[in-house]
Amino acid sequence: MRQYFGRKLLIYALTFFAAVTINWMIPRFMPGDPIQGLVARAQVADPASVDAMNAHYRNLFGLDVPVWEQYMNFWGALLRGDLGLSIWAFPTPVSDLIVRAIPYTLALLIPAILLSWWAGNRFGAFAARRKWLDNTILPVGYILTATPYMWLALLLAWSLAIVAGIFPVSHAYSFSLTPSWSPEFLGSLLAHWVLPFASLFLVMFGGWAIGMRNLIIYELEADYSNYLLALGARGKLVRDYAFRNAVLPQITGLALQLGTIVAGALVTEIVFSYPGIGYLILQAINSQDFFLLQGVFLFIVLGVLIANFIIDAVYTLVDPRTRVRLQGAGA
Amino acid sequence: MSQADQISLPAESGGAAPGQPAAPAPVAARRGGDTLYFALRNKKLVGGLIVVLALLVLGVVGPLVHTNSPTEYLGTPGQSPGGEWLMGTTMFGQDVLAQFLHGLRSTFLVGALGGGLAAIVGMAVGFVAGYRGGLVDEVLNMLTNILLVIPTLAVLIIIAAYLKVRGVMVEALFIGFTSWPWAARAVRSQTLTLASRDFVDLARLSGVPTWKIITRDIAPNMSSYLFMTFILLFGGAVLAAATLDFIGLGPTDGMSLGLMLNNAVRWSALQLGLWWWFVPPGLGITAVVGALYVMNVGLDEVFNPRLREM
Amino acid sequence: MLSLHSISKDYRTGAFGGATMTAVRDVSFDVGVGEVVSLIGESGSGKSTIGRMILRLASVTRGKVTFDGADISAYRGPALKEYYRDVQGVFQDPFSCYNPVFRADRVFAMIKEEYFPRVPREEWAEKIEAAVEAVRLNPGEVLGKYPHQLSGGQLQRLLIARALLLDIKLLVADEITSMLDASTRIDVLNLLADLKARGLGVLFITHDLSLGNYVSERTIVLRRGSIVEMGPTNLVFGNPLHPYTIKLLDSVPRLHEKWDVDAERPAEPAWAVEPLVEAEPGHFVAGYAA
Amino acid sequence: MALRVSDLTVHYRTLRGAVKALDGVTFEVGDGEILGLAGESGSGKSTLGKSLIRMDGRMRHVGGTVELDGKELPIGDDGAMNRFRYKEVSLIPQYAMSALNPTRKIGKMVADLLDSHGVRYKSVEEELGRRLDLVELPAEVLGKYPIELSGGMKQRMVMVISTLLDPSLLIADEVTSALDVSTQKAVATTLAGFRNRGFVKSMIFITHDISLTHQIADTIMVMYAGKLAEKAPADTVVRAPRHPYTKALINSLPEVGVQYAERKLAGIPGSPPSLLNPPAGCRFRDRCPLAFDKCGEQPPAVEVAPGHLVACCKA
Amino acid sequence: GCTGGGGTTPPQSAPPSGAASAPAAAANGQFPRNETLYTSGTQYGPPANWNPIREWDFATGTKGLCYETLFLYDTQKGEFTPWLAESGSWTGDKEYTLKLRQGVTWSDGKPLVADDVVYTFELGKMETIPYHPLWEFLEKVEAVDPATVKFTFKEANYQQFANHLYSRAIVPKHVWDGRSEKEVLDGLNEKPVGTGPYAYHSHDQDRMVWVKRDGWWATKALNLDVKPKYIVDIVNGSNEVALGLLLQNGLDLSNNFLPGIANLVNGNFGIKTYYSKPPYMLSANTAWLVPNTTRKPMDDPEFRKALAHSIDLKTIVEKVYGNLVLPASPTGLLPQWDKFVDKSVVSSQGFTYDEAKAKKLLADAGYRDRDGDGLVENKDGSKIELELAVPNGWTDWMESIRVISASAKKAGINVEPVFPEYPKLVSDRSSGDFDLMINNERQLSNTPWLYYDYLFRLPVQKQQNTVNFGRYENERAWELTQDLDRTKVEDVEGMAKITSELQKIHLDEMPVIPLWYNGLWSQTTSTAWKNWPSAEGSAPKNPPTLWRNWIELGGIYTLTNLQPAQG
Ligand SMILES: Nc1ncnc2c1ncn2[C@@H]1O[C@H](COP(=O)(O)OP(=O)(O)OP(=O)(O)O)[C@@H](O)[C@H]1O
Ligand SMILES: Nc1ncnc2c1ncn2[C@@H]1O[C@H](COP(=O)(O)OP(=O)(O)OP(=O)(O)O)[C@@H](O)[C@H]1O
Ligand SMILES: [Mg+2]
Ligand SMILES: [Mg+2]
Ligand code: NI
């Protein structure tokens with residue numbers, strides 16, 4: 001058990017190391033000089049001023065020391081939770097921006113992932129029951145999962161928000177409110193959340209449904225299912241068993257999907273101007289704020305790693321096979 | 001990287017790969033005309049194939065027949081579909097139909113190229129890791145796992161930002177080089193099971209070199225599996241490209257469906273009600289990818305006799 | 001001709017290869033020219049592993065295997081290819097020995113491609129026909145077919161024919177009959193026995209004692225990777241000395257003797273690694289105390 | 001008579017037509033009898049076994065009836081058969097190693113299964129314990145996952161589960177073929193023990209190994225190409241077979257002690273006919289050394305001695 | 001009309017405070033629609049600082065709503081209006097004396113004094129402060145008495161100084177004193193203490209909220225009042241979002257470039273622009289095509305002229321912009337500077353899109369198509385392959401240069417559009433590593449001097465950060481520009497004489513090719529507020545914008561002229 005997790009941790013550590021290194025390289029090896037951009041924005045013409053400003057910002061961003069030292073400093077700062085300053089929202093620390101955006105992204109992602117996972121699995125299992133269901137309902141799943149996140153988001157925004165006017169089109173809460181625990185504010189939060197959530201939910205839902213359908217068909221063909229059927233067990237029991245077993249690979253699937261899901265959340269947030277991490281990325285790209293991009297990227301990697309680790313742990317907990325294997329009882 | 005993973009992930013522990021046969025069933029695949037018989041009778045496969053082919057023809061032949069330039073300002077801006085402009089015009093009076101046709105073309109290009117490249121890399125890694133085993137496997141596996149965890153879109157964004165001019169090709173290249181890990185993993189596990197089959201040992205006993213064993217003995221046995229992997233990678237590449245295009249990191253010259261979406265949004269087609277500008281490209285992507293996925297299931301049923309009759 | 005010098009094989013097991021498992025432990029024996037040696041033991045006792053080590057399909061963890069005096073572990077590339085000219089194997093499952101995607105003849109084509117690239121086509125065809133006839137098959141009936149169109153017995157014999165193409169000296173036959181029906185099984189065995197007469201050495205791996213008994217002159221009984229008893233077949237079967245061998249023989253269903261169904265099952269003899277002791281001339285028994 | 005099968009015909013639907021895997025098979029199994037079912041691969045043994053408990057999707061009940069304890073089994077009707085399964089007819093599958101749900105504790109699975117039949121787990125718990133004892137399994141296995149059991153333990157567990165409700169008929173399909181000799185013996189004797197203790201009334205023991213069948217079966221039925229070739233008390237089949245196929249089969253079996261050098265055994269040349277389009281008449285005709293004109297007609301199974309049926313006109 | 005703000009008492013000189021600590025101001029956290037002005041189009045990132053020194057990224061309204069300037073400048077009339085200053089005049093050749101307005105108080109209650117002005121200008125002595133160049137010709141600033149400031153110059157750059165007079169936000173010395181250079185430059189200044197009509201209320205990533213402050217000096221002194229109690233400025237994530245909000249009446253004033261707005265203005269959506277017909281907007285700056293004059297063949301004025309003639313501006317204006325912009329005059333001087341345009345020069349030397357003319361110019365200058373690909377080669381026969389760069393993602397410009405490329409190719413000039421990322425473009429532009437690009441980095445101002453400063457500034461530095469990106473060197477033009485700077489602001493005729501000379505040089509040499517005037521993007525709705533600036537009738541004529549540096553160009557009057565739509 002310890003070995004297994006030790007090894008997983010090694011992979012995670014390596015991934016993290018690689019990610020951080022790539023990350024560190026972002027602003028340094030990007031075409032164009034972020035500092036020059038910053039200075040240029042200040043519209044300073046006087047050569048002396050330009051030099052002074054350049055020096056000032058180079059120092060501020062720690063770019064005035066040798067490259068290896070920058071790298072070391074980067075790690076140092078990282079371990080202190082310091083992701084540097086944003087250029088887009090200068091001089092706000094990148095970590096502040098991320099911390100502010102996280103709740104929104106999580107509020108979208110966590111319910112969307114969990115609910116779509118749950119509902120998709122149920123639905124897929126349901127569709128696998130009958131041939132006709134499989135041929136009529138399941139195609140919905142294919143269409144949904146083949147839909148680009150942003151397109152579904154656009155369609156929802158257009159139809160339900162712009163044309164029908166039922167939901168707001170953008171942002172996280174009404175501009176006529178300041179954050180508080182008032183019912184108006186919470187209601188506004190909810191109303192703004194529905195569409196981005198729905199577009200994420202639907203696309204993922206399709207994917208899970210199909211995954212479950214395919215898995216459960218294999219499970220229903222498995223020997224243990226045949227044995228139960230031969231012994232006259234009720235169909236429900238067999239399906240229940242098949243479902244439980246099919247859900248397990250879906251957990252691993254969840255881990256592998258995280259990257260994609262994050263990307264989906266990203267474009268969805270962009271469509272709805274939802275002030276989460278994805279929106280932040282877009283802004284970082286548009287304003288070429290590499291420090292922010294760096295921070296967000298790092299954060300995503302970290303998030304995905306942690307989520308992966310949790311899923312791994314959950315998986316080993318729920319699947320007796322891995323658990324037993326890990327304890328070496330099988331050997 | 002792609003949504004495709006969702007329906008194709010070969011579950012590590014479960015053994016069964018959703019959307020794909022747990023183990024390729026080439027024996028059945030070779031039994032005379034059975035495969036063809038089932039293939040032709042499989043509604044999912046045939047339906048999917050028809051849609052894909054129809055769209056492919058549209059994309060390939062369309063621009064030759066409908067010769068309007070997708071970027072030139074040809075008509076009155078913001079014309080709704082019908083009459084002179086079958087699918088209307090954009091804010092600038094560009095022909096949406098021309099854009100759609102060219103977009104389809106590059107969609108297929110990205111899919112084929114990106115998916116193909118990913119398939120090649122994934123297969124190479126998967127074959128070598130699965131067949132060689134040992135340290136090679138460990139290292140490749142580690143690499144695969146790392147890439148699998150890193151959100152590739154973020155990497156793509158970074159790489160994309162490097163280039164002054166990005167074409168469809170370059171985009172396909174990126175996607176190809178980042179979306180292979182799951183395929184590698186799937187191929188590896190298949191190779192592992194195949195490599196332990198006796199005919200592989202027999203080939204070794206016949207003095208056949210490793211690369212020949214992989215290409216001539218192992219790969220043909222997984223051909224259906226590999227083909228399905230390619231299909232899923234294809235779909236995944238199309239979606240990934242659409243995402244990139246949408247956030248403005250798509251091709252800077254050329255037209256793609258994702259770019260159409262991006263342009264439509266940037267130029268407020270939603271608010272201005274120019275639905276014909278953003279509905280068709282998304283529909284095109286969905287149709288291509290969805291049809292591919294449906295085809296994949298159909299193929300699965302064809303190749304895997306167990307699934308033929310549920 | 002072939003000698004195993006105290007070879008062992010460790011497999012790494014556990015979820016991530018933490019533990020090791022010794023599949024074969026200090027096994028030594030020889031196979032001489034024209035000799036059939038049968039390797040008997042229950043499932044998992046390491047029989048196939050030994051066969052695979054001899055065929056260089058698995059590495060040897062400790063000890064060495066020599067063929068005509070040369071250590072085979074040193075063979076690489078062309079040398080290994082030459083080794084395979086002399087030593088070949090046939091495996092348990094004839095169906096999985098053929099790549100289902102190709103015609104069954106491909107097993108011959110591979111040999112030609114690698115070993116006889118310059119032999120003209122007609123000559124080669126004759127050679128194949130000869131080999132196929134040697135295993136008592138009708139070339140017209142079996143050549144050019146897909147594996148699934150042939151029976152297990154036919155496939156198995158084709159594999160032997162394939163080995164014969166190379167004019168081999170030693171054949172490792174790993175459970176080559178267990179997938180066959182009783183009625184075809186005996187044909188394959190008879191074929192082996194005939195080949196032996198031509199000077200071919202055979203390592204006959206099986207868990208079916210009666211089969212081992214049928215064809216071999218010497219028998220080696222393996223248990224959990226170690227040899228427990230070894231000697232001329234008639235001595236091992238006629239006078240089994242190790243309790244494990246006795247139990248094994250006792251479990252063999254015989255046509256003319258019935259088990260006592262309700263009798264207490266003999267307890268599994270305790271397992272320990274014990275040195276081989278020569279109980280009678282040529283008959284070695286582990287931990288034998290006369 | 002516990003089981004009476006008359007003229008049972010079962011086909012497999014395939015693209016190229018029906019595979020006549022079971023073609024008019026008639027036999028009986030008495031109370032307390034173990035019927036050993038032997039025959040070449042593809043002769044229809046498993047098909048027969050499956051027909052009696054659960055047909056898979058491609059099998060089609062074409063004709064004939066099956067009567068168990070005087071009641072007709074609706075073998076063609078999957079739903080109706082459910083009433084009989086487990087309680088009346090039970091099965092030990094060949095795939096015992098994978099027959100247990102890998103993610104469910106064994107005890108829980110048993111409870112679920114029983115619950116499915118309206119039997120309270122509590123009411124059989126004690127008996128279950130006794131039987132586990134009998135097969136030398138500790139009661140703790142019920143709290144374990146299948147993966148925690150060795151192959152042999154799983155096999156015994158499945159045996160216990162399958163017979164828990166004391167079915168009239170137990171079908172054991174190739175339960176020993178994957179095992180090595182010592183385990184094989186243990187399993188086979190345990191099965192016979194079950195019969196002796198009355199856990200099951202009668203049993204069909206399917207294997208292609210005649211020497212093994214002979215060890216525990218009272219009667220042996222030899223099938224050839226979807227038809228009954230010979231059915232007789234075990235000793236009779238082994239010592240005095242009447243059907244040429246049985247004879248050839250017995251003669252091709254090497255025995256411990258028999259060596260090539262001393263006595264060369266002979267196989268049966270040729271291969272069985274395709275069941276897609278089986279030739280009319282005796283199906284063994286092509287390989288039979290005794291075949292003559294009359295074999296062009298289908299020979300009926302004739303009772304040549306009490307309990308000894310042979311389907312051959314030369315017998 | 002002076003109606004306070006709906007009855008609720010605004011907080012007494014609301015102490016600017018952190019995001020969380022001002023909720024009392026908004027009744028249960030809501031901004032009543034009829035008391036709130038929603039704006040957007042200035043802020044492209046989250047409000048990150050309230051530091052008036054950071055003119056390029058402070059939160060919208062930091063200068064103008066909170067901090068104020070000494071004067072305002074009315075671009076329409078070309079007049080200076082005293083604001084924090086009561087008056088100011090040149091009291092000597094190199095001496096300017098400024099009288100401060102009495103009764104102006106900071107939001108913390110302290111009065112505005114001369115020392116504040118002195119302190120503000122002296123901040124510019126720090127090298128990193130953007131207005132540091134002022135001190136190249138300014139010698140000293142002194143407070144003569146609490147209400148009088150005297151500026152002494154090394155050199156009297158009237159035009160330039162006039163610009164400073166209405167551009168510099170005056171900061172309170174008593175609050176700022178002692179701040180380090182880093183704090184001054186990079187400080188957030190989270191608690192802005194200003195003299196303006198609004199005080200900080202709260203902010204979030206996507207919005208900035210100002211609340212009206214009691215006791216704004218102008219109410220008493222000028223009888224001006226700002227009506228909206230709250231100003232919620234929405235961070236501009238993307239134009240389409242702004243358009244969406246506008247359509248849902250969630251925005252009162254949008255200062256975004258909204259493509260397709262023409263349709264909406266003409267349709268029945270309740271959206272208004274300054275003009276009801278093209279170009280709909282006032283003009284704000286000139287977009288130029290900047291050739292790199294150090295590279296071949298752009299070093300040849302004849303080639304540049306040919307290029308100028310090859311640009312199909314009409315398509316850009318009509319198709320890309322849907323007539324939202326005006327084609328620029330060949331001089332590039334904004335319509336507001338019309339009085340400085342020498343019409344005779346334009347008519348004799350101006351250019352328009354003329355493919356034939358472009359071809360002829362090329363041919364005459366020796367650029368011929370030698371290999372028959374329809375594209376001309378250099379005089380030495382080498383191929384011409386020019387890259388025209390705009391930042392990736394600037395969609396209207398991206399579309400525009402596609403048009404330019406297409407029409408230039410028709411005339412035989414091989415121009416390829418490229419879309420580098422912005423920082424890359426910035427560094428290429430600074431170091432002169434580009435062929436052609438589009439730029440518009442000079443806004444409308446009080447003086448055409450700034451315009452010509454952009455065109456002709458010498459010497460060319462290694463890094464050209466703000467002006468003369470094309471590295472065009474013309475001593476005479478630069479002298480004329482400096483002369484212009486030294487011409488008194490009131491001397492319009494003197495200025496026009498110099499600008500006429502400069503226009504001749506410009507059109508003769510084409511160091512940059514003026515293309516179109518970018519609009520002062522502005523769209524308004526009248527659900528909550530009316531009396532928006534408009535060209536029509538008696539409507540106010542101020543620039544309807546909150547763009548940074550435009551509030552003091554008259555934007556503040558837009559606020560004071562507003563009236564609630566109801567009641
Ligand atoms: N690749 C492998 N990795 C790990 N363990 C292995 C491997 N191959 C075989 N083993 C183990 O080594 C032991 C010996 O296996 P081997 O296949 O040699 O047995 P065998 O005697 O041939 O058995 P059988 O009669 O079932 O073929 C077994 O316990 C098996 O589980
Ligand atoms: N699903 C199926 N579809 C078509 N034909 C089948 C199917 N299953 C079995 N058959 C055919 O039916 C015949 C009888 O098969 P069955 O499995 O009953 O034989 P068996 O006697 O059990 O053989 P074995 O000893 O190999 O298990 C064979 O010819 C076989 O090819
Ligand atoms: Mg083996
Ligand atoms: Mg069978
Ligand atoms: Ni809203």
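Naming convention: chains lettered A, B, ... in sequence-line order (proteins, then strands); numbering from 1 in each chain. For clarity, every value in this text was computed on a predicted model and none was experimentally measured.
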Ion pair check, B:Asp201 and C:Arg56, cut-off under 4.0 Å
no
In this structure, OH of C:Tyr84 is separated from CZ of B:Arg204 (nearest 0.5 Å) by 7.0 Å
Closest non-hydrogen contact found for B:Phe199 with C:Pro100 is CE2-CD, 3.9 Å
Heavy-atom nearest pair, B:Pro209 first then C:Glu114, reads CD-OE2, 3.6 Å
Here the gap from B:Asp198 atom CG to C:Tyr98 atom OH, rounded to the nearest 0.5 Å, amounts to 11.5 Å
When the 4.5 angstrom heavy-atom criterion is applied to C:Leu57 and chain B, the contacting part is both
ask   = Are more than 12 heavy atoms from other residues, nucleotides or ligands located less than 6.0 Å from atom CZ of B:Arg132?
value = no
To the nearest 0.5 Å, atom CE of C:Met110 lies from atom NZ of B:Lys212 at 10.0 Å
Okay, C:Glu82 and chain B: the region with an atom under 4.5 Å from a heavy atom over there is neither
### Message
Within the supplied structure, the quantity of interest is the number of heavy atoms (other residues, nucleotides, ligands) at a distance under 6.0 Å from C:Lys64 NZ; does it exceed 12?
### Response
no
Whatever's closer than 4.5 Å to a heavy atom in chain B on C:Arg162 counts as side chain
All heavy atoms of B:Leu205 vs all of C:Gly89, minimum pair found to be CD1-N, 3.6 Å
Notebook entry, point to check: Does any N or O in the side chain of C:Asn99 come within less than 3.5 Å of the main-chain N or O of B:Asp217, such that one atom is a donor and the other an acceptor?
Noted result: yes
If one checks every heavy atom of C:Leu159 against chain B at 4.5 Å, the contacting part turns out to be side chain
Interatomic distance, CG@C:Leu165 vs OG@B:Ser206, rounded to 0.5 Å, equals 10.0 Å
Cut-off 4.5 Å, heavy atoms of chain B, and the answer for C:Tyr83 is neither
